[in-house]
> 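Have a look at the structure that comes next, please.
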Amino acid sequence: MKNKAIQRSGWLTICFFLIIISPSDAQTDPHFTQNYTYPMYINPALTGSSDGEYRVSAIYRSQWGSISNPYRTTGVSFDARTNKNIALGVSMLNQSAGDGGFNYLSAYGSIAYTGVKFGKDNNHRVVFAMQAGVINRRVDQTKFKWGEQWNPITGYNATNATTETFVTTSATTLDMGAGALYFDASPDKKVNAYGGFSVFHINKPKDPIVSGQSTDLNTIPLRYTFHGGVSFNLFERTSIVPHVLYMKQGTASETMIGTYVQLNVNLETDVMIGGYYRAKDAIAPFVGIDWRNFIIGLSYDANTSKLGAMTRNVNSFELSLSYVKRNGTRSIFDFIRCARL
């Protein structure tokens with residue numbers, strides 16, 4: 001893309017597009033604040049990690065709303081455990097750049113093997129998982145505003161010719177990932193630890209929309225994720241869980257630390273209060289409620305970056321909703337308190 005002087009709406013269009021399709025310079029995949037609400041996006045080894053027979057989750061993130069039509073990311077997922085040391089899951093994620101004219105849709109299936117157990121009473125567990133699916137990317141050229149369409153006297157004219165072209169405006173490609181997770185499932189402990197590693201785009205899928213460029217530019221870069229935490233179990237169903245996540249893709253990286261407190265109110269209700277810090281980017285308070293089989297969470301990212309006036313009041317919020325089919329007993333993953341944050 002050429003560097004051209006355009007007004008704010010045009011700049012935002014190009015900004016969104018560059019952030020998503022230029023893997024040599026930036027991260028192509030989105031991020032979430034409530035990471036564990038959409039677990040298979042962090043690590044396919046988290047498939048089946050709920051405290052129930054199965055889990056249905058949805059997450060919605062809106063950002064950059066004060067600049068233009070918000071950038072929206074929506075994810076839905078379903079995962080379940082079986083009695084054969086196997087967990088299965090499916091997930092779908094959609095990103096829309098609002099006025100930017102860009103849409104990114106991905107769909108995956110995940111399978112995890114949960115049968116590796118060792119230590120006293122086999123309470124130390126390791127999970128291995130694979131993930132495969134497709135990525136579809138689409139651009140709407142009618143929503144792009146280029147410098148060639150601006151006139152210093154008459155202003156913007158959409159009918160002005162432009163030399164900007166795309167190889168294609170819609171393309172689908174195969175995508176694959178893998179991950180591993182360790183956790184201490186020892187019951188009645190005051191402290192339980194967990195940690196995992198995952199890598200996505202391991203088949204180096206191409207981005208056909210920019211396939212006319214060099215090989216390095218049109219290959220979606222690997223995304224590496226490291227995550228872990230500790231559950232301090234104070235009382236029954238009352239815990240403090242600090243955790244950390246590091247994600248790297250191309251030359252972009254993200255470090256996020258957070259903690260939440262889960263307080264048991266009664267037999268049917270838990271309340272969750274916490275916060276997150278994304279290094280050099282945002283501070284995000286979180287509040288949630290676990291009522292019967294439903295879990296609702298809300299977080300708000302207050303921008304702290306140093307990008308100048310354009311980032312003032314450019315904040316984001318996330319809303320999550322999960323349904324967990326519980327059978328009255330807690331799963332081996334309960335030390336994470338239903339891995340949803």
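Sequence positions, counted from 1, serve as the residue numbers for this chain. All of these numbers come straight from a predicted model, not from anything done at the bench.
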> Pairing donors with acceptors under 3.5 angstrom, does anything connect the side chains of Thr33 and Asp301?
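Checked: Thr33/Asp301 side chains pair up, N/O donor to acceptor below 3.5 Å.
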
> Find the distance between CD1 (Ile202) and CZ (Arg223) and round it off to the nearest 0.5 Å.
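These two atoms lie 12.0 Å from each other.
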
> Please report the closest heavy-atom contact between Ser231 and Val241, naming both atoms and the distance.
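The pair with the smallest heavy-atom distance is OG-CG2, 4.0 Å.
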
> Mind checking whether Ile295 and Tyr260 sit in one hydrophobic cluster, side chains of I, L, V, M, F, W, Y counted as touching below 4.5 Å?
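Yes.
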
> Examine the side chains of Ser77 and Ser91 and answer whether a donor and an acceptor come within less than 3.5 Å of each other.
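Their side chains do not contain a donor-acceptor pair, so the 3.5 Å distance test is not met.
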
> Working note: Phe197 + Phe226, criterion ring-ring contact (aromatic ring centres under 6.0 Å, His included); need CA distance, chi angles, decisive distance, verdict.
CA-CA 5 Å; Phe197 167 75; Phe226 299 86; 4.8 Å; yes

> Say whether His227 and Tyr36, considering side chains only, have a donor N or O and an acceptor N or O under 3.5 Å apart.
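Distance-only check passes for His227 and Tyr36.
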
> Establish, for the pair Arg125 and Phe183, whether the NZ or CZ atom is under 6.0 angstrom from the six-membered ring centre and no further than 45 degrees off its axis.
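The answer is no, since Arg125 fails at least one limit relative to Phe183.
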
> Side-chain heavy atoms under 4.5 angstrom apart, residues restricted to Ile, Leu, Val, Met, Phe, Trp, Tyr: same cluster for Phe128 and Phe118?
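The answer is yes; both residues are in one hydrophobic cluster.
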
> Strictly by modelled atom types, are Tyr108 and Asp175 linked by a side-chain donor-acceptor pair under 3.5 Å?
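Present: a donor and an acceptor within the cut-off.
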
> Assess whether side chain to side chain contact (heavy atoms under 4.5 Å, CB included) is satisfied between Asn103 and Asn94, documenting all intermediate values.
CA-CA 7 Å; Asn103 196 83; Asn94 186 72; 3.0 Å; yes

> Okay, side chain of Asp79, backbone of Gly89: is any donor-acceptor separation there less than 3.5 Å?
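Not confirmed, Asp79 side chain does not pair with Gly89 backbone.
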
> In Å, rounded to the nearest 0.5 Å, how long is the span from NE2 of His31 to CG of Leu245?
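These two atoms lie 11.0 Å from each other.
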
> Please find the pair of heavy atoms, one from Pro221 and one from Gln249, that lie closest to each other, and give the distance.
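Taking every non-hydrogen atom into account, O-NE2, 3.1 Å.
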
> If every non-hydrogen atom of Pro30 is compared with every non-hydrogen atom of Leu93, which pair is closest and at what distance?
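Taking every non-hydrogen atom into account, CG-CD2, 3.7 Å.
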
> Is a donor on one side and an acceptor on the other found under 3.5 Å between the side chain of Arg326 and the backbone of Arg292?
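Yes; at least one donor-acceptor contact below 3.5 Å.
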
> May I have the step-by-step check of side chain to side chain contact (heavy atoms under 4.5 Å, CB included) for Thr255 and Lys280, ending in yes or no?
CA-CA 9 Å; Thr255 300; Lys280 300 179 181 180; over 6 Å; no

> Which atom pair, heavy atoms only, marks the closest approach of Val261 to Leu263?
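Closest approach of Val261 to Leu263: CG1-CD2, 3.5 Å.
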
> Can Phe232 and Val230 be said to form a side chain to side chain contact (heavy atoms under 4.5 Å, CB included), step by step?
CA-CA 6 Å; Phe232 296 95; Val230 179; 3.8 Å; yes

> For the pair Phe78 and Tyr54, name the ring-plane relationship: parallel under 30°, tilted 30 to 60°, perpendicular over 60°.
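The rings of Phe78 and Tyr54 sit tilted, inter-plane angle from 30° to 60°.
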
> If you group Ile, Leu, Val, Met, Phe, Trp and Tyr by side-chain heavy-atom gaps below 4.5 Å, do Leu88 and Val116 land in one group?
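In one cluster: yes.
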
> Quick one: does any side-chain atom of Asn136 pair with a main-chain N or O of Ala171 as donor and acceptor, under 3.5 Å?
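Yes, Asn136 side chain to Ala171 backbone: donor-acceptor pair under 3.5 Å.
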
> Is it true that Asn123 and Asp184 share a donor-acceptor pair across their side chains at a distance under 3.5 Å?
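Looking only at side-chain atoms, Asn123 and Asp184 do not form any donor-acceptor pair under 3.5 Å.
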
> Looking at Gln95 and Arg72, would you say the former's side chain and the latter's main chain have a donor-acceptor pair under 3.5 Å?
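Flag not set: sc Gln95 to bb Arg72 has no pair under 3.5 Å.
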
> I'd like to know whether Val199 forms a side chain to side chain contact (heavy atoms under 4.5 Å, CB included) with Met176, so could you lay out the CA-CA distance, the side-chain angles of the two residues, the decisive distance to 0.1 Å, and finally the verdict.
CA-CA 9 Å; Val199 58; Met176 301 181 68; over 6 Å; no

> Centre-to-centre under 6.0 Å for Tyr300 and Phe317, is that the case here?
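Distance test on ring centres: not under 6.0 Å, no.
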
> Less than 6.0 Å separating the ring centroids of Phe32 and Tyr38?
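Aromatic pair counts; centres sit under 6.0 Å.
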
> Establish whether Met40 and Tyr323 are linked, either directly or via other cluster members, by ILVMFWY side-chain heavy-atom contacts under 4.5 Å.
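No, no single cluster joins them.
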
> Say whether Gln34 and Ser299, considering side chains only, have a donor N or O and an acceptor N or O under 3.5 Å apart.
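Yes, a side-chain donor-acceptor pair sits under 3.5 Å.
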
> Tell me whether Val265 shares a hydrophobic cluster with Ile273, the cluster being built from Ile, Leu, Val, Met, Phe, Trp, Tyr side chains joined at under 4.5 Å.
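Result: yes, single cluster for both.
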
> Using 0.5 Å steps for rounding, measure from the CD1 atom of Ile220 to the OG1 atom of Thr173.
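Going from CD1 on Ile220 over to OG1 on Thr173, the span is 6.5 Å.
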
> Are any side-chain N or O atoms of Thr47 and backbone N or O atoms of Pro44, one a donor and one an acceptor, separated by less than 3.5 Å?
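Checked: pair present.
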
> To the nearest 0.5 Å, how far apart are CD in Gln262 and CG in Asn233?
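Gln262 atom CD to Asn233 atom CG measures 10.0 Å (nearest 0.5 Å).
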
> One thing to verify: whether Glu254 and Arg278 come together as a salt bridge, which I'm taking to mean a side-chain N less than 4.0 angstrom from a carboxylate O.
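So Arg278 pairs with Glu254 through a salt bridge.
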
> For Thr219 and Lys204, which I'm curious about, is there any donor-acceptor pair between the side chains at under 3.5 Å?
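Note: Thr219 and Lys204 side chains miss the donor-acceptor criterion.
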
> Just so I know, are the side chains of Lys84 and Thr82 near enough to count as touching, which here means a heavy-atom distance under 4.5 Å?
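The answer is yes, as the side chains (C-beta and beyond) meet within the 4.5 Å cut-off.
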
> Answer whether the closest heavy-atom distance between the side chains of Met92 and Leu105 falls below 4.5 Å.
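SC-SC contact between Met92 and Leu105 confirmed.
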
> Got a second to check how far Ser186's OG is from Asn192's CG, nearest 0.5 Å?
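Reported to 0.5 Å precision, the distance equals 6.5 Å.
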
> Of all residues at least two apart in sequence or in a different chain, which pass the side chain to side chain contact (heavy atoms under 4.5 Å, CB included) check with Asn264?
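Partners of Asn264 by the side chain to side chain contact (heavy atoms under 4.5 Å, CB included) criterion, ordered by chain and then number, come out as Arg237, Thr238, Asp270.
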
> I need the minimum non-hydrogen distance between Ile289 and Met272, along with the two atoms involved.
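Reported closest heavy-atom pair: N-CE, 3.6 Å.
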
> Less than 4.5 Å apart, any side-chain heavy atom of Ile240 and any of Leu234?
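Of all side-chain heavy-atom pairs linking Leu234 with Ile240, at least one is under 4.5 Å.
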
> Check whether any side-chain N or O of Asn293 sits under 3.5 Å from a backbone N or O of Lys325 as a donor-acceptor pair, and report yes or no.
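A pair under 3.5 Å: no.
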
> For a 4.5 angstrom cut-off between non-hydrogen side-chain atoms, does Phe200 reach Thr225?
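A side-chain contact under 4.5 Å exists here.
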
> Please report the shortest heavy-atom distance between Thr114 and Ile86, naming the atom on each side.
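The answer is OG1-N, 4.0 Å.
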
> Please determine, by modelled atom types, if Asn43 and Ser198 share a side-chain donor-acceptor pair under 3.5 angstrom.
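Note: Asn43 and Ser198 side chains miss the donor-acceptor criterion.
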
> Mind checking the CG-CD1 spacing from Asn35 to Ile42? Nearest 0.5 Å is all I need.
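If I round to the nearest 0.5 Å, the distance is 4.0 Å.
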
> Assess the residue pair Arg55 and Ser49 against the criterion (side-chain hydrogen bond (donor to acceptor under 3.5 Å, both in side chains)); give the C-alpha distance rounded to whole Å, side-chain angles, the decisive distance to 0.1 Å, and a yes or no.
CA-CA 9 Å; Arg55 167 179 51 188; Ser49 63; 3.2 Å; yes

> Could you tell me if Asp29 and Tyr41 have a donor-acceptor pair between their side chains, going purely by distance under 3.5 Å?
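Their side chains do not contain a donor-acceptor pair, so the 3.5 Å distance test is not met.
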
> Do Tyr276 and His243 have ring centroids that are under 6.0 Å from one another?
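Centroid separation for His243 and Tyr276: below 6.0 Å.
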
